[in-house]
Amino acid sequence: MPGLLTSQNITNKVSLIIGTSPLTRIRALKLLDLGAKPIIIGSTSHIASGKIQHIDRPFELEDLTQLGRSEVNKVVDNVFVTLSVSYINVIETISHECERLRIPINVADNPQLCTFTLLSTHTDGDFQFGVSTSGKGCRLANRLRREMANVLPVNIGEICNKVGDLRERLYEEDIKDLKKEVDAQDGLQHHDEIGQEDDDAIQSSTLNTLIIENNETFQQKKRQRIRWLSQVVEYYPLSKLSSISINDLTKEYKKSDLQDKNQKEPASDNTVIKKGKISLIGSGPGSEEFLTTAALTAILTADLILADKLVPSAVLNLVPRGTEVFIAKKFPGNAERAQEELLERGLEGCKRGLYVVRLKQGDPYIFGRGAEEYLFFQKHGFTPDVAPGITSALCAPLAARIPATHRDVADQVLICTGTGRKGVLPNIPEWVETRTTVFLMALHRIGDLVAALETKGWNLDVPCAVIERASCPDQRIIRTTLKDLVAAFESAGSRPPGLLVTGYACNVIEKLSDGEKWRIEEGASGLVVKFTVAIGEPPVRFRAGAIFIPK
Ligand code: SAH
């Protein structure tokens, strides 16, 4: 039968801890922490005392009624036995005597002799929770406690303090008001209603302006306040509770009309007090198959989606009808302005209380200016959530059946850009025979890049591949070697976006035949399967009217 869980106030209570094991000391320190006065009893020189009283002799039954507080006739307040089982006879005697004297007793590893057991606890400030398995397994209890603690907001201690604080403020205000009311009743000689004058007086305090309804009795007002606080605690996003101020609540209460909502249906976090939010989400290389579920959820729940032309259309097709989509007008010469405009749109959305999703092609932090955007929104008070995406740098080689690393062939991968700042060539990496190198943003000046690699001492016989529109239905692969790359690429014409992969890993699965200078493969067969996950409504094309398409 499970026991009654309680939380005891043990401040200044005398706890007798019988034993000399390491557990004895752990118990004593914990009790000391909680404000009790632990006394360890047992012959040993190992128990460092400090603030803990230690009586260096074996326990005697009379100690139970002699070491306690004088207010309770020297009976100790509780007993912890940490003796080893070899003393079982002594332990049983202590247990029976404690029961007879009504002293709560806990015996380590022996639930039968306990009148109370300890819980596996998690403490953060004044917040605590404990797990009991009714003696079935303390390891299990510990594991459960850890897992439960992991799902709590990290600032649960602060949350607890804040709620306590708000409650205290409310009660303080009530006491002030009660005094005012009593004064008013004395003056006006009526018992139930508060006159206009009092309402004005109440309105002058920030808190009371929240719930003013004319002609309500003080008791009604008081009930409203308490209900209002309960509503906030119930529906406000937990993690935000720690930073909420009376002022925020004042504003939000007025806006959201909590009371009304309560009478209809419980509101979700977002509808009660809606604060803008932004997520930076990687949308993968192209195929909607390679979206994360985090990305899909964000797309389906966003109020405003910010994208740019690289975000795959297969992904944009998933945006529900009615969700506003803004696509950055990034055309040559306008990149900076387009980026600023996009950020402004996002910020404005956040300020309006919208859930803004910034979709970024591939992974947001691989050549995507993701961190710049993060810092921008953070600076303006909206720190983004960030979700990774599958980067084209790793997906494209895979799509072309090129293992980025392979034992004895490639022991490293380098992802770099083929375009430096202001369009010039970037720092060219040195030649490493066992490296797979992926060049993004490199195809528009492929001739210059190959020349620079040669100057840097690269072996131009190394196999390479240009992979364009990786994972999209119109994916194309050009397999060749560095020395024939320019000719091959020119003969095929470009199909952006695309990248270049170099290294002997290109030959592990696929190989050119003798004398074959290049080979072109069309389509993404075998890689992309039809997107079949049921997500309620089938994906619908977003409305053209809602999109801002680059001119
Ligand atoms: N954040 C992106 C990269 C942005 S830089 C990512 O992680 O994938 C843009 C470059 O990525 C393009 O110039 C091109 O080199 C490469 N790229 C993006 N999508 C691609 C795709 N589907 N196939 C091949 N290359 C791609």
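Note that ligands are numbered from 1 as they come in the structure, with each ligand's atoms numbered from 1 the same way. For the numbers below, each heavy atom of this structure counts, side chains included, while hydrogens, waters and symmetry mates do not.
Listed by atom number, the atoms of ligand 1 under 4.0 Å from Leu310 heavy atoms are 9 (C). Under a 4.0 Å criterion applied to the non-hydrogen atoms of Asp363, ligand 1 contributes the atoms 1 (N), 6 (C), 7 (O). Of all atoms in ligand 1, listed by their number and element, those nearer than 4.0 Å to a heavy atom of Ile467 are 24 (C). Heavy-atom proximity to Thr391, at under 4.0 Å, picks out these atoms of ligand 1: 6 (C), 7 (O), 8 (O).
At a cut-off of 3.5 Å, with distance as the only test, a side-chain donor of Arg435 or Gln412 sits close to an acceptor on the other residue. No side-chain donor from either of Glu372 and Gln339 sits under 3.5 Å from a side-chain acceptor of the other. For the residue pair Tyr504 and Thr436, no side-chain donor N or O sits within less than 3.5 Å of a side-chain acceptor on the partner. Side-chain polar atoms of Gln128 and Thr121 form no donor-acceptor pair below 3.5 angstrom.
In this pair, His122 and Phe127 present their aromatic rings perpendicular. The plane angle is above 60°, beyond the 30 to 60° band.
Distance from atom 5 (S) of ligand 1 to its nearest protein heavy atom, with residue and atom name: Phe367 O, 3.5 Å. With hydrogens left out, the protein atom closest to atom 10 (C) of ligand 1 is Met441 CG, 3.8 Å, a heavy atom. In this structure, the protein non-hydrogen atom closest to atom 14 (C) of ligand 1 is Gly498 O, 3.2 Å. In this structure, atom 23 (N) of ligand 1 lies nearest to the protein heavy atom Ala470 N, 2.9 Å. Scanning the protein for heavy atoms near atom 3 (C) of ligand 1, the closest one is Ile366 O, 3.4 Å. Shortest contact from atom 2 (C) of ligand 1 to any protein heavy atom: Gln361 O, 3.2 Å.
A heavy-atom separation below 4.0 Å is not found between Gly286 and ligand 1. Every heavy atom of Ser471 sits 4.0 Å or more from the atoms of ligand 1.
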* Can Asp461 and Lys483 be said to form a salt bridge (Lys or Arg N to Asp or Glu O under 4.0 Å), step by step? -> CA-CA 6 Å; Asp461 284 325; Lys483 67 175 182 302; 2.8 Å; yes

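Put simply, CD on Glu348 and CZ on Phe326 are 10.0 Å apart, with the number rounded to the nearest 0.5 Å. Atoms CZ and SG, from Arg495 and Cys472 in turn, are 10.5 Å apart once rounded to the nearest 0.5 Å.
For the side chain to side chain contact (heavy atoms under 4.5 Å, CB included) test with Phe439, the passing option among Val466, Val501, Thr502 is Thr502; the others fail. The only option from Glu510, Glu521, Glu468, Arg519 that meets the side chain to side chain contact (heavy atoms under 4.5 Å, CB included) definition with Ile477 turns out to be Glu521.
Residue Pro285 has at least one N or O atom closer than 3.5 Å to an N or O atom of ligand 1.
Looking at Gln475 against ligand 1, nothing comes within 4.0 Å, counting heavy atoms. Neither the backbone nor the side chain of Leu443 comes within 4.0 Å of ligand 1, counting heavy atoms alone.
When the heavy atoms of Ser392, Ala399, Pro312 are ranked by distance to atom 11 (O) of ligand 1, first place goes to Ser392.
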